[in-house]
There are 2 protein chains.
Amino acid sequence: MTERPEPDKRPASRRIADDLRAAIDRGELRADARLPSERELSMTYGTARNTAREAISILQSEGLVVAQHGRGVFVRKRWPLIRLGASRYSRRLRQETGLSPFRIEVSRQGRAPRTECRSVTRERPPLDVADRLSLDPATSEVVRRENWYYADEEPVQLGVTYIPVDIAGDSVLATEKTLGTGSIYARFEDLGYPIARIREEVSARMPSTDESARLAVPPGVPIIEVLHTGYDAEGRPFEVTRFTMRGDLNGLDYEMPIED
Amino acid sequence: MTERPEPDKRPASRRIADDLRAAIDRGELRADARLPSERELSMTYGTARNTAREAISILQSEGLVVAQHGRGVFVRKRWPLIRLGASRYSRRLRQETGLSPFRIEVSRQGRAPRTECRSVTRERPPLDVADRLSLDPATSEVVRRENWYYADEEPVQLGVTYIPVDIAGDSVLATEKTLGTGSIYARFEDLGYPIARIREEVSARMPSTDESARLAVPPGVPIIEVLHTGYDAEGRPFEVTRFTMRGDLNGLDYEMPIED
DNA sequence: TAGTGGTCTAGACCACTGC
DNA sequence: CAGTGGTCTAGACCACTAC
């Protein structure tokens, strides 16, 4: 009986993927490094090009590499997460720094933050939003504000805020894209709605084709969705914001007391 | 000049995927329904089988369908999310119901919850855990408790809790897999550490190959990771738990006051 | 223009499922 | 056993990038 070496049961595509992944993990292929081309891989492994291609698509679905048409396949650069939490709504931070937590976080990474209000409209609220605001989705109307958040002109977050028209009235919230010093929460305070509590419902999923395009999400990167509700001191909800964030660039960081 | 109809610029694979996705959205293909087989699709669209296959892989990466070897490709059944938040740590809930929020949520879906402590060991803490517990990762030791959460015997969550040995001592936390009535937080209370504050750091990513296997995550489904830290009334951290959850089955639901 | 990834063809054999 | 998905081959042409 001779000891035979364990035959490699893995499919060739899987083996190529494992080798490349190991090279990335070992640091031989660093961020932004180019992988061997599909034709090179198929030569060195003695497979058809489609098999090498399959290997790369495994790594893509794991979010490890990005293909660029005509250029090559590159190890994805990992930025540190933009960490957002309840401090987003803190009055003290708002007054002390004059900067939003988003700007602080992005600047700290050496990237250039930019935020843009792309539209302010009046609409019927989506069902889940109407529910959080205790509105009748069939008859009520809300002001819809669409905000985009960029780092180095790359879109990283989208936030859509819904405000009952009864509350927004004809204030700047309903009419202006630019809201002046302090964030939108300073304006809510002006209207008599200082934010006292929040609810944040967090989920994760793969982007739809549409979102992929709008947020420019590379394949293999999930979306974090946060449905945020703001309450005043009397526990009345006065605004809902749906955040849609690139999962590879954003994280959440909450700290809270345990109430009984 | 004759008006020619707009030619369909989409690649064939994309077109097949779009058609199938539309059928799913319209409800023609319901949850658990079988898609036409790859060979059928290639016949009806007049393409090679690989092209039909490519179409299905698009839907897979979007998390819409699951392939089952030898059986077919099926529309993924969407369970409502198991929604967990700070109530997980509430003493009142713990005492009133005797049930953990996880069990309540899963039961409400008509599924059978089960939790299992798979191991209790003593180890060096991972770097991020040591940091949260203010421990020296090189010299300190922690008790590591590995808990699995199931719905209908399907693994949906993994929670790994780290407790400094100085705190766990030789209590049941360090020695027993079963912790008795109330949750682990009742035992912390016994030791003089009633939980007063929590920090939850949330991120999302695609599973590694290892996690895919252990949590049985279908392709196209992200992982939600929560790094949880528990603090006592004096603000001292006494435990860290890393939750790893299937993104298609779990969500988070936090409510908290805005502190200044 | 050369080299890259993107799409596609028309086959083949294997592994698994269900009857 | 027939039918399904999983893997693979050896080509082809297209679209994009860089020089």
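Proteins come first, then strands; the chains are lettered A, B, ... in the order of their sequence lines, and each starts at number 1.
Positionally, the nearest nucleotide of DNA chain C for A/G70 lies more toward the 5' end than for the other of A/R49 and A/G70. Residue B/Q60 is the one, among A/N50 and B/Q60, whose nearest nucleotide of DNA chain D lies closer to the 5' end (criterion: closest heavy atom). Where A/S13 and B/E40 each meet DNA chain D at their nearest nucleotide, the meeting point lying more 5' is that of B/E40. Heavy-atom nearest nucleotides on DNA chain C were determined for A/R71 and for A/R53, and the one closer to the 5' end corresponds to A/R71.
Taking each heavy atom of A/A31 and A/R76 in turn, the nearest pair found is CB-O, 4.3 Å.
At a threshold of 4.0 Å, the pair A/R132-A/D128 does not count as salt-bridged, since none of the basic side-chain nitrogens sits closer than that to a carboxylate oxygen. The pair A/E211-A/R214 does not meet the salt-bridge criterion, since no charged nitrogen lies less than 4.0 angstrom from a carboxylate oxygen. A/E105 and A/R83 are not joined by a salt bridge, as no carboxylate oxygen comes within less than 4.0 angstrom of a charged side-chain nitrogen.
Distance CZ (B/R34) to P (C/dG18): 12 Å, rounded to an integer number of Å.
Under a 3.5 Å cut-off, the side chain of B/D152 and the backbone N or O of B/A112 do form a donor-acceptor pair. Proximity of a side-chain donor or acceptor of A/Q157 to a complementary backbone N or O of A/F243 within less than 3.5 Å is not detected.
The ring pair (Phe, Tyr, Trp, His ring centres under 6.0 Å) pairs that include a residue from residues 144-163 of chain A are A/F102-A/Y149, where partners are two or more places apart or lie in different chains.
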Assess whether side-chain contact (heavy atoms from CB on, under 4.5 Å) is satisfied between A/Y45 and A/D19, documenting all intermediate values.
-> CA-CA 11 Å; A/Y45 283 90; A/D19 284 0; 2.7 Å; yes
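Once you apply a 4.0 Å limit to the heavy atoms of chain A, the touched nucleotides of DNA chain D run 5' to 3' over D/dT7 to D/dA18.
Taking every heavy atom of residues 61-69 of chain A and every atom of DNA chain C, pairs under 4.0 Å involve A/A67, A/Q68, A/H69, by number.
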